[in-house]
Amino acid sequence: MVSSAEPYLWSLVLSFATLLISIILLYIARFSASLEIKDLAALRSMFDRFPAWGKRASWAQQNSFEAFTIHAPAALLAVVAVLNGQSLPFITVVVAWAHPALRIVYISAYLFNVPVARSLAWFLGLLCSGVLYGVGLAALV
């Protein structure tokens with residue numbers, strides 16, 4: 001049983017870091033497509049000029065926002081449960097740490113166009129967040 005909020009807070013921080021990585025990769029794609037000052041008026045219109053990996057970086061970045069908005073409340077729910085005196089099973093630490101690792105796999109698989117690995121990483125990451133929701137809610141009810 002885990003009675004510390006630290007692993008869940010680190011999961012939140014690392015998940016946010018994966019989001020930042022996806023943004024950095026998107027900007028690398030923009031600069032590789034010759035980003036100019038005039039493009040700042042409509043950055044999304046540059047998409048057609050991106051190389052193939054840059055388009056995938058753009059899609060990975062969009063999905064990273066979605067994944068973070070699902071995982072962040074789940075991690076915070078675990079934090080709230082622990083701060084309310086609940087001890088959570090060790091599996092919650094495993095899935096909390098697995099989520100950001102799976103997001104790195106997801107982004108990499110997207111960039112290198114490995115759809116099976118990307119889909120598996122996406123599904124397992126979503127499952128990790130689902131476990132945190134389930135255990136966190138059960139602890140608070």
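Inter-residue side-chain proximity for N84 and L140 is flagged as met; some heavy-atom pair is nearer than 4.5 Å. Between F16 and I21 there is no side-chain heavy-atom pair separated by less than 4.5 Å. Side-chain contact between S58 and F47 is present, with heavy atoms from C-beta onward closer than 4.5 Å.
Scanning all heavy atoms of the two residues, the minimum distance from S129 to H99 falls at OG-CD2, 3.6 Å. When every heavy atom of H71 is checked against every heavy atom of A96, the shortest pair comes out as NE2-O, 4.2 Å. Contact between L132 and A78 at its shortest, heavy atoms only, is CD2-CB, 4.3 Å. Between A139 and L88 the shortest heavy-atom distance is CB-CD2, 3.7 Å. Nearest heavy-atom pair across V82 and A5 is CG1-N, 3.6 Å.
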Inset, instruction - For L25 and Q61, run side-chain contact (heavy atoms from CB on, under 4.5 Å): C-alpha distance rounded to whole Å, both residues' side-chain angles, the deciding distance at 0.1 Å, then the answer. - result: CA-CA 8 Å; L25 292 169; Q61 181 264 339; over 6 Å; no
Inset, instruction - Show your working on side-chain contact (heavy atoms from CB on, under 4.5 Å) between L102 and W122 and close with a plain yes or no. - result: CA-CA 7 Å; L102 287 163; W122 175 85; over 6 Å; no
Legend entry - Trace of the side-chain contact (heavy atoms from CB on, under 4.5 Å) decision for I28 with W53: CA-CA 10 Å; I28 291 170; W53 71 266; 3.6 Å; yes
Legend entry - From CA spacing to verdict: side-chain contact (heavy atoms from CB on, under 4.5 Å), Y8, L76: CA-CA 7 Å; Y8 312 111; L76 290 173; over 6 Å; no
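Summarising the geometry, atom CG belonging to L77 is positioned 11.0 Å from atom OG1 belonging to T92; distances are rounded to the nearest 0.5 Å. Atoms CD and CG, on E66 and L126 in that order, are 11.0 Å from each other to the nearest 0.5 Å. Atom OG of S15 and atom CH2 of W97 lie 10.0 Å apart (nearest 0.5 Å). The OG atom of S64 sits 8.5 Å away from atom CD1 of I104, with the distance rounded to the nearest 0.5 Å. Put simply, CG on L26 and CD1 on I23 are 8.0 Å apart, with the number rounded to the nearest 0.5 Å. With rounding to the nearest 0.5 angstrom, the CZ atom of R30 is 14.0 Å from the CD atom of E36.
In the displayed structure, Q62 atom CD is contacted under 6.0 Å by more than 12 heavy atoms of other residues, nucleotides or ligands. No more than 12 heavy atoms of other residues, nucleotides or ligands sit less than 6.0 Å from atom CZ of F123. The 12-atom threshold is exceeded at OH of Y133, counting heavy atoms of other residues, nucleotides or ligands nearer than 6.0 Å.
Neither V105 nor I24 shares a network with the other; the hydrophobic side chains, linked directly or stepwise wherever heavy atoms of I, L, V, M, F, W or Y lie under 4.5 Å apart, form separate groups for each. In this structure, V141 is not a member of the same hydrophobic cluster as V80, with clusters built from ILVMFWY side-chain heavy atoms closer than 4.5 Å. Under the 4.5 Å side-chain heavy-atom criterion for grouping Ile, Leu, Val, Met, Phe, Trp and Tyr, L127 is not connected to V116 through any hydrophobic cluster.
Side chains of T18 and Y106: a donor-acceptor N/O pair is absent below 3.5 angstrom, by distance only. At a cut-off of 3.5 Å, with distance as the only test, a side-chain donor of R103 or N63 sits close to an acceptor on the other residue.
A donor-acceptor pair under 3.5 Å links the side-chain atoms of S45 to the main chain of A42, judged by distance alone. Judged by distance alone, the side chain of R118 and the main-chain N or O of Y110 form no donor-acceptor pair under 3.5 Å. Distance alone, capped at 3.5 Å, places no donor-acceptor pair between the S11 side chain and the P7 backbone. Checked by atom type and distance alone, the side chain of S32 pairs as donor or acceptor with a backbone atom of A29 at under 3.5 Å.
Taking the six-membered ring where the residue is Trp, the centroids of W59 and F50 are separated by 6.0 Å or more.
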